[in-house]
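Per chain, numbering begins at 1; letters A, B, ... match sequence-line order. All values below were derived from every heavy atom in this structure, side-chain atoms included, with hydrogens, water molecules and symmetry-related copies excluded.
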Amino acid sequence: MKDIVIHLLAQAVATLQKQGRLDESAAQSISVERTKDPGHGDFSSNLAMKLAKQVNTDPRELAQKILAELPQSEVIEKAAIAGPGFINFYLRKCAYLSLIAEIREQGINFGNSDVGHGQRIMVEFVSTNPTGPLHVGHGRGAAYGDALARVLRAAGYDTHSEYYINDAGRQMEILAVSVWLRYLELCGKEIQFPENAYQGSYVRDLAAKLKDKAGKSYCIDTSELFKALPDAKEESIDRLISRCRSHLGDKDFRALFDVGCDAMVNDIRQDLAEFGVVFQAWFSERSLLDKGDIDKSIKTLEENGHIYEKDGAKWFRATDFGDDKDRVVLRANGAHTYFASDTAYHYNKAERGFDKIINIFGADHHGYIKRLQASFEALGNSPERLKFLIVQFAILYRGGEKISMSTRSGEFVTLRDLRDEVGNDAARFFYVLRKPDQHMDFDLDLAKSQSSDNPVYYIQYAHARICSVFRQLEEKGMPTLKDATPNYALLKASQEFDLLKTLSRFPEVVESAASGFEPHQVAYYLRELANVFHTYYNAHPFLSSEDDVRLARLGLIDATRIVIANGLGMLGVKALEKM
RNA sequence: GCGCCCGUAGCUCAACCGGAUAGAGCAACGGCCUUCUAAGCCGUAGGUUACAGGUUCGAGUCCUGUCGGGCGCGCCA
């Protein structure tokens, strides 16, 4: 609908350009907004104000000239100059009426567009180490990333979502050792469980599972195991890892490692699936290692002259690309760093040909961005292809107290806990209601106790109410919409036009949410739509009106139902038919 | 110390690449159920957009500085 106004302005500008009264760049300044104040009409443009500077005239005078060249349109009732030089457009009411049929015809596709032009875009998110269950902090990234992927799809981007599994690093070895120690404990051995190993109870569960499956085949005499460990915690656990590996041998160690890794990955996958977050691909870090991609990308960097050696390690000259420090890719002990595998992963992404590669990071990883952009560019890729979005922390409060969380210490509220307590829909909506770069206070008591007046229910309720009307319609044996062609011109109430106007905005909201990577816009829009609907519902009866009016109204609320369902779908929230 | 993010009503948050009188929800107060779900609707009240400068027709939005909060600054991931 906005496009119509833009098109009209473009024609006026073209005419003025032909007359030599505007220069060629003028068309770029065309922008049209929805008005906030109905007194300013339906749409507004600040075009004259923008151009006045270039042409060096009075904005209102220029607006007058534009207005004079504006072609006639059957949807425009009038266009007028207001304030410092705005051009306001007032639409004919009938312009909105055709929308109802359009929405009902397009159904679940209404709101979709082609602004993405099928551009291939990849979104990677969550990607936590599979060393423990997801906690509520990860939930925000999951809800945001998934909603973003859905919004991008709706806007016509060929969107691929992916989870990167860090299944090759030291953290996973620590998990393996943690499981092994708990397992030894179950075998009746005396153990000392390091405080920097994984403390969570799920480690004991994994150990029990291992014992059920493998009996005592991983059991050893532990009398020497804890002797002469270094005082430094990190060195100490590294020593335990190597002792574990030499006791069990590479093959059994790998098996032990896989027990922990597979269990955690499956757990995360299922957790996310229950949360409505489904990835198109799960990409294994180890697969990069096995294929030699990590060595390959280090070698490529080396060939391009971006690598030097110092203190027995290989360093990437990240400072040449704007990072504040150079970064190690290959440690003196021969192990590659996390950064090295991530570099290889992003090289792999680039090779897969995505036009845009989006990474959603938690705020705690933002220091990592510069070096990744650096290596991405150093490998010959255009830095514009790689985009990082930061999701700020959700700070948890319980009983007014901030909860500190750490995976290692095992003190955290899991995403699963949250879902059990407040429900999937409320949890997802709560997360996605905040724009990602805003710090977020997540009061658990509030989320739980307020679950009945969480905004998501407000929207779902609007949907359920509409469904209920249609159920009653059938129960009463009244004529349905099925074979009817309602006369929408019978809609005259102000609430009906408020609703129509709000419905007409939906495609614009989706486009804007996609282009700004801000799915929360859809959430706020839905709240507004629900409010306009509830107001209408309270003001006018649908079923008791005359036949032809009733059919027109039913068509309108059917369109409303479709838009609510489509919008909720983009946020991964269910549209309930009954509440 | 350096870097990134943030600061908007009592609380939690919006504000569409700088636009017109800064908006919602919760909490508070006052109304609305013989009629399609009151998980709803209507109204009232609530603000020097942290602070100080600057840029311009116009700033919550852009620039500089100050204060306050979060996060990061490893041959960890």
Counting just side-chain N and O atoms, does [X] come under 4.0 Å of either OP1 or OP2 of [N]?
X: Lys370(A); N: rC73(B); value: no
X: His365(A); N: rC5(B); value: no
X: Asn531(A); N: rC41(B); value: yes
X: Ser44(A); N: rG19(B); value: no
X: Arg527(A); N: rC13(B); value: no
X: Tyr458(A); N: rC41(B); value: yes
X: Lys36(A); N: rA20(B); value: yes
X: Lys50(A); N: rC57(B); value: no
X: Gln438(A); N: rA14(B); value: yes
X: Arg465(A); N: rA38(B); value: yes

Within 45° cone and under 6.0 Å: Arg371(A) NZ/CZ vs Phe316(A) ring: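 No, Arg371(A) does not sit over the ring of Phe316(A).
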Which part of the nucleic acid does [X] contact within heavy-atom distance under 4.0 Å: base, sugar-phosphate only, or nothing?
X: Ala332(A); result: base
X: Ile390(A); result: nothing
X: His463(A); result: nothing
X: Ser544(A); result: nothing

Who pairs with [N] - Watson-Crick or G-U, where each distance is under 3.5 Å:
N: rG74(B); value: none
N: rG7(B); value: rC67(B)
N: rU34(B); value: none
N: rA39(B); value: none
N: rU48(B); value: none
N: rA24(B); value: rU12(B)
N: rA59(B); value: none

- request: Can you sort out the partners of His439(A) under ring-ring contact (aromatic ring centres under 6.0 Å, His included), two or more places apart, ordered by chain and number?
  value: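 With sequence neighbours excluded, His439(A) shows a ring-ring contact (aromatic ring centres under 6.0 Å, His included) to no residue whatsoever.
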Rounded off to whole Å, could you give me the [atom1]-to-[atom2] distance for the [X] and [N] pair?
X: Lys314(A); N: rC75(B); atom1: NZ; atom2: C1'; value: 14 Å
X: Asp323(A); N: rC2(B); atom1: CG; atom2: P; value: 18 Å
X: Lys435(A); N: rC16(B); atom1: NZ; atom2: P; value: 8 Å
X: Phe339(A); N: rC75(B); atom1: CZ; atom2: P; value: 12 Å
X: Met579(A); N: rG40(B); atom1: CE; atom2: P; value: 9 Å
X: Gln472(A); N: rC36(B); atom1: CD; atom2: C1'; value: 5 Å
X: Ile360(A); N: rC5(B); atom1: CD1; atom2: P; value: 17 Å
X: Asp167(A); N: rA77(B); atom1: CG; atom2: C1'; value: 13 Å

With no hydrogens and no angle check, do the side chains of [X] and [Y] hold a donor and an acceptor under 3.5 Å apart?
X: Glu518(A); Y: Gln521(A); value: yes
X: Gln460(A); Y: Asp425(A); value: yes
X: Arg34(A); Y: Ser504(A); value: yes
X: Tyr163(A); Y: Thr128(A); value: yes

query: With centres under 5.5 Å and planes under 30°, do Phe86(A) and rA20(B) count as stacked?
result: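 Stacking is present between rA20(B) and Phe86(A), given that their ring centres fall under 5.5 Å apart and the planes under 30°.
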message: Is His366(A) stacked against the base of rG72(B), taking the criterion as centroid distance under 5.5 angstrom and interplanar angle under 30°?
response: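 No, the aromatic ring of His366(A) does not stack with the base.
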Steps toward side-chain hydrogen bond (donor to acceptor under 3.5 Å, both in side chains) verdict (Glu285(A), Ser341(A)): CA-CA 7 Å; Glu285(A) 176 185 8; Ser341(A) 56; 2.8 Å; yes
query: Which nucleotide in the set rC6(B), rC13(B), rC71(B) lies at the smallest distance from any side-chain heavy atom of Asp437(A)?
result: rC6(B)
query: For rC33(B), is chi within 90° of 0 (syn) or not (anti)?
result: syn
message: Taking the P atom in each of rA50(B) and rC11(B), what is the distance between them to the nearest angstrom?
response: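 To the nearest whole Å, 13 Å.
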